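These notes are about the structure you will find just below.
What you see is a predicted model, and the numbers here were worked out from it, not measured in a lab. Counting starts at 1 for both ligands and their atoms, in listed order. Atom set for the values below is all heavy atoms of this structure, side chains included, hydrogens, waters and symmetry mates excluded.
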Amino acid sequence: MAYFFEEPSHTFAEYLLVPGYTSAECIPASVSLKTPVVRYKKGEECPLTMNIPLVSAVMQSVSDDRMAIALAKEGGISFIYGSQTIENQAAMVARVKSYKAGFVTSDSNIKPDQPLTDAVALKEKTGHSTIAVTEDGTANGKLCGIITSRDYRINHTPSDAKVKDYMTPFANLVTGQDGITLSEANELIWNHKLNSLPIIDKNGNLKYMVFRKDYASHQEHPLELLDEKHRYIVGAGINTRDYMDRVPALLAAGVDVMTLDSSEGFTEWQRRALHDIHEKWPNAKVGAGNVVDAEGFNFLAEAGADFVKIGIGGGSICITREQKGIGRGQATATIEVAKARDEYFKKTGIYVPICSDGGIVHDYHMTLALAMGADFCMLGRYFARFDESPTNKLIVNGSYVKEYWGEGSNRARNWQRYDMGGASKLSFEEGVDSYVPYAGSLHDNVTMSMSKVRHTMCNCGVLTIPELQEKAKITLVSQASLTEGSAHDVIVKTTSIQS
Ligand code: IMP
């Protein structure tokens, strides 16, 4: 006879947190959202942690290199989508790893003999008032000087004036040598009262510029997630078909962590992929999933998954439950898998982090997922709304929207994600193509969401995620109390400044 779960499965919207005692020390500024990403042994340090518990979904419409840089600046990780060629995906990873936080390749460059009017035109085109003057006018040519809009008054210069007559020549410039750290560069900027610092190699060729204003940006991102070489941490999605080719290319590009991306992970294909990858590249970090119960978790933990993703059918663009009738309420799945993770830790001394993937609608759902035991959350719709997502921003019915489509939609045709070992094609759709309301910059939104999580944690009387998982008091709520939970029995003004 089939197995019947005794309880119906529930989703985050059916739960609330009940406050705990809040001590005077328990203030949002003291909350740490640091969380483990990959497995580690009891008593040892987790080799990869994040500073906020958010990762962006392995989706064409969500995670490319631009998203990865923006999210790493906030302390989280993007998993760059795998439904593209190995070369393209590795190139995206490489771009994240070569993006030097604070060091930029000069985008405004000119030759010394060009007329000054060219400098003015360039400034208008790029909007940047600092222009590097190089022998060949390229971003990496031999540096001859720097010209800024403070060096000339265009109405007071002869019409045949040349750049070289107004620039600060190389001999008078303060420069940094390639290899200098960002903090050393900033020391020079402060000590010499500069707005920008050119970084040159030993032959005098321009490598990068460091700008004073970028230092401020660096200060604005105290949680940014960097590797030991000060490069942004980045993840990537892989599948169970071409991993023997894809993984080495991603590792060569510098990827920090990967995840098998599949709608259903309790499979022989995932076990084999984990085995083969770890055998060939013992240091590669690979998450697996998705599962929705203890059995699925234990299978993947035993198979060597570095973390396990939870969630089937709960994604905003997902129609798997309608199409195939498989899945489970995201909250119930998270609660059961978290219990299995804790038991596995007790039994083996190995902590395998778990990720609640999909179905986060409100910010408080993130806190609930963490309180229910998730170490971090994966989100698609949430990130798709931001400037940094790879899709078009359009006006629909007078409002700005961004496009957002599922990996199982005809638009993405990511058949590997739904592969059950048969033909190389998507037999039917498991996702839709949609719009989501445009929401502005990732930085502003993530800052706000994490502020809400921190405040809620203080209401619960806790300062860390493990403490939340241990001490949270969680209650199921009735339909009537859900109605009570939003504004009711009043006429809401539309001018609220609430986000
Ligand atoms: P969201 O945050 O609710 O939008 O859910 C995002 C998650 O949905 C992803 O991380 C995937 O696990 C899942 N997903 C992505 N594309 C599809 C699809 O086409 N069908 C079903 N699930 C999908």
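- For ligand 1, residues of the protein lying within 4.0 angstrom by heavy-atom distance are Ala57, Met59, Asn290, Gly315, Ser316, Ile317, Cys318, Thr320, Asp357, Gly358, Gly359, Met378, Leu379, Gly380, Arg381, Tyr404, Gly406, Glu407, Gly408, Ser409, Arg417, Tyr418, Glu430, Gly431.
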In residues 300-308, what donor-acceptor pairs under 3.5 Å come from side-chain atoms, sequence neighbours left out?
from: Glu302; atom 1: OE2; to: Tyr344; atom 2: OH; distance (Å): 3.1
from: Asp306; atom 1: OD2; to: His278; atom 2: NE2; distance (Å): 3.1
from: Asp306; atom 1: OD2; to: Val286; atom 2: N; distance (Å): 2.8

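- Between Arg411 and Glu403, at least one side-chain N (NZ, or NE/NH1/NH2) sits under 4.0 Å from a carboxylate O, which counts as a salt bridge.
- In this pair, His443 and His221 present their aromatic rings perpendicular. The plane angle is above 60°, beyond the 30 to 60° band.
- Evaluation of the ring pair (Phe, Tyr, Trp, His ring centres under 6.0 Å) rule for Phe299 yields Phe266 as partners, not counting sequence neighbours.
- In this structure Tyr382 satisfies the side chain to side chain donor-acceptor pair (under 3.5 Å) test together with Ser449, sequence neighbours excluded.
- Atom CD of Glu295 has 12 or fewer heavy atoms from other residues, nucleotides or ligands within 6.0 Å.
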